[in-house]
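So you know, we letter chains A, B, ... as the sequences are listed, proteins then strands, and number each from 1. Please read all numbers here as calculations on a predicted model, not as lab measurements.
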Protein chains: 2
Amino acid sequence: MSTPDNRETGGRRPQRADARTNRERILNVAEEVFGKGGRSASTEEVARLAGVGIATVFRHFPTKAALLEAVLVQRFDRLRAQAETLFHATDPGTAFFDFFSHLVADAAGKIAISEALLEAGGENGGDAARASDGLRRAVGALLQRAQRAGAVRDDAELPEVYALLVCTSRAAAHARLEEEVRQRMLAIVFDGLAPLGTRERG
Amino acid sequence: MSTPDNRETGGRRPQRADARTNRERILNVAEEVFGKGGRSASTEEVARLAGVGIATVFRHFPTKAALLEAVLVQRFDRLRAQAETLFHATDPGTAFFDFFSHLVADAAGKIAISEALLEAGGENGGDAARASDGLRRAVGALLQRAQRAGAVRDDAELPEVYALLVCTSRAAAHARLEEEVRQRMLAIVFDGLAPLGTRERG
DNA sequence: CGCTATCCGAAGTCACGACTCCGTATACTC
DNA sequence: GAGTATACGGAGTCGTGACTTCGGATAGCG
């Protein structure tokens with residue numbers, strides 16, 4: 001999955017330029033298409049919007065599932081990278097809550113992704129599950145650091161925090177949840193995560 | 001939708017007994033099948049588990065969408081009834097939080113239902129949307145009453161509370177979320193919903 | 001500039017699932 | 001208990017969407 005095409009080419013020619021750019025474009029379009037429309041969006045739609053034939057999509061990604069997985073891996077890895085950057089860059093509390101807000105905010109309109117977050121890490125042992133695990137671990141690190149700094153209550157453990165992260169993202173993925181409402185929803189959750197006795201705001 | 005078959009029969013014969021029991025069984029089986037498996041579960045599966053032919057399913061419910069809608073209406077109405085019962089039966093705070101817990105608890109394994117909760121009330125103007133609205137209103141009543149009694153913070157409004165209700169249900173619908181985790185997740189949310197300064201527990 | 005491995009798109013095949021037709025069975029009426 | 005409207009089930013049709021095939025382009029090397 002991580003080397004979609006070059007399994008056979010082994011070490012021969014690198015890969016033609018048009019092939020590489022096509023793969024890139026397909027991947028990006030697929031993220032969009034699966035975002036709205038969910039996993040049931042059709043591969044043909046992806047091909048059409050990417051401006052390539054259907055066969056080209058299947059040449060780069062052997063199955064629809066593989067394409068979806070590639071999208072998820074890309075997304076999860078990107079989020080994990082952000083989490084890791086925040087880990088080093090900001091103060092513990094800000095890092096944790098900022099990442100939480102950020103993830104929820106840009107889940108808006110990304111149905112398939114938040115859906116996959118819900119499900120991944122469970123059944124299949126594919127690359128997406130691994131990437132999802134990486135993200136989960138990165139969140140765990142942010143959480144622990146925030147707890148040690150006294151910004152998050154000590155008795156909150158990763159599973160429930162992650163569940164909240166994931167499910168608020170899922171809620172935000174639907175268009176009908178307005179910006180304001182999303183923020184108030186997060187405010188409630190954040191208050192629930194605050195250390196005992198420290199209420200942030202009303 | 002509410003009178004699936006008797007549109008034509010008008011006022012003639014009531015409906016044969018076997019037809020009624022079959023309809024009942026189909027509806028119950030459909031709730032189970034769509035519960036696990038989601039909306040993409042097949043109608044044939046429903047027919048098979050109900051022990052009837054595929055045609056019988058379509059005779060009672062003209063389309064798959066209609067069947068799904070009937071399932072949702074039944075479920076939403078049941079939940080609304082529970083909410084209304086609690087409204088009169090218990091003290092405001094208990095009623096609100098109990099209903100919240102209860103709804104989340106029995107969302108376990110009911111993917112399609114919690115999914116529909118997320119989506120319903122938005123686009124379509126069908127019976128399911130109406131039933132979903134009824135439920136939402138009932139929750140609103142519970143919330144207001146709890147707020148007046150000082151059991152829930154005043155600045156929380158229905159949209160975000162409902163979003164939290166719905167999204168925690170969705171999280172609970174997945175099998176991999178253990179009982180314990182679900183309860184700790186709810187504890188966090190409930191703490192976030194508590195009036196300023198009143199932290200329930202750790 | 002020509003050659004060829006690589007890559008492409010259009011037109012397929014195939015499976016699956018929603019929905020229909022029709023001959024048969026059975027609940028209810030008298 | 002016979003007759004009939006009502007309901008049933010299995011064997012279809014039909015559309016959709018994942019995936020394949022193959023003749024035609026094109027990048028990149030010489």
**Student:** Need to verify one output field. Residue with the more 5' nearest nucleotide on DNA chain D, Ser40(A) or Gly53(B)?
**Tutor:**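 Nearest nucleotide further toward 5': that of Gly53(B).
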**Student:** Base, sugar-phosphate, or nothing: which does Ala41(B) touch, judged by heavy atoms less than 4.0 Å apart?
**Tutor:** sugar-phosphate
**Student:** Can you measure Ile26(B) atom CD1 to dA7(D) atom C1' for me and round it to whole angstrom units?
**Tutor:** 11 Å
**Student:** Whole angstrom is fine here: how far is it from CZ in Arg25(B) over to P in dC8(D)?
**Tutor:**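 So the two atoms are 10 Å apart, to the nearest Å.
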**Student:** Any side-chain heavy atom of Phe96(B) within less than 4.5 Å of one from Leu193(B)?
**Tutor:**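 Yes, their side chains come closer than 4.5 Å.
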**Student:** Could you please name the option among dC8(C), dC7(C), dA7(D) that lies closest to any side-chain atom of His60(A)?
**Tutor:** dC8(C)
**Student:** Distance check, rounded to the nearest 0.5 Å: Thr94(A) atom OG1 versus Leu86(A) atom CG?
**Tutor:**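 One finds 9.5 Å between OG1 of Thr94(A) and CG of Leu86(A).
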**Student:** With Phe34(A), which of Lys64(A), Lys110(A), Glu115(A) fulfils side chain to side chain contact (heavy atoms under 4.5 Å, CB included)?
**Tutor:** Lys64(A)
**Student:** Report yes if at least one side-chain N or O of Thr43(A) is closer than 4.0 Å to OP1 or OP2 of dA18(D); otherwise report no.
**Tutor:** yes
**Student:** Side chain of Asp18(A), heavy atoms from C-beta onward: which of dC8(D), dA18(D), dC7(C) has the nearest atom to it?
**Tutor:** dC7(C)
**Student:** Of all the choices, dC7(C), dA18(D), dC8(C), which nucleotide is nearest to the side chain of Asn22(A) once you look at every atom?
**Tutor:** dC8(C)
**Student:** Atom CZ of Phe58(A) to atom C1' of dG12(C): distance rounded to whole Å?
**Tutor:** 14 Å
**Student:** If the threshold is 4.0 Å, N to carboxylate O, is there a salt bridge linking Arg48(A) and Glu44(A)?
**Tutor:** no
**Student:** Starting at CZ of Arg39(B) and ending at P of dG17(C), how long is that distance when rounded to a whole Å?
**Tutor:**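 These atoms are roughly 17 Å apart.
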**Student:** Do Arg148(B) and Gln144(B) have side-chain N/O donor and acceptor atoms under 3.5 Å apart?
**Tutor:** yes
**Student:** Return the nearest nucleotide to the side chain of Thr56(A); candidates are dC8(C), dC8(D), dA18(D).
**Tutor:**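 Of all the options, the side chain of Thr56(A) is nearest to dC8(C).
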**Student:** Kindly point out which of dG10(D), dG9(D), dC8(C) is positioned nearest to the side chain of Ile54(B)?
**Tutor:**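 Looking only at heavy atoms from C-beta outward on Ile54(B), the closest nucleotide is dG10(D).
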**Student:** For the pair made of CZ in Arg20(B) and C1' in dA27(C), what is the distance, rounded to whole Å?
**Tutor:**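 Whole-Å distance recorded here is 12 Å.
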**Student:** Return the nearest nucleotide to the side chain of Ala55(A); candidates are dC7(C), dC8(D), dA10(C).
**Tutor:** dA10(C)
**Student:** Could you work out which one of dC19(D), dG9(C), dC8(D) sits closest to the side chain of Arg59(A)?
**Tutor:**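 Nearest listed nucleotide: dG9(C).
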**Student:** Tell me: CZ of Arg16(A) to P of dC29(D), nearest whole Å?
**Tutor:**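 Going from Arg16(A) (CZ) to dC29(D) (P), I get 11 Å.
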**Student:** dA27(C), dA18(C), dC8(C): which one has an atom nearest the side-chain heavy atoms of Ala17(B)?
**Tutor:**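 When the side chain of Ala17(B) is considered, dA27(C) is the closest of dA27(C), dA18(C), dC8(C).
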**Student:** When the distance from CZ of Arg48(A) to C1' of dA10(C) is rounded to whole Å, what number comes out?
**Tutor:** 16 Å
**Student:** Expressed in angstrom and rounded to an integer, what is the separation of Leu67(B) atom CG from dC19(C) atom P?
**Tutor:**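 After rounding, the reported distance stands at 10 Å.
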**Student:** Among the nucleotides dC8(C), dC8(D), dC19(D), which one has an atom lying closest to any side-chain atom of Ala19(B)?
**Tutor:**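 Of all the options, the side chain of Ala19(B) is nearest to dC8(D).
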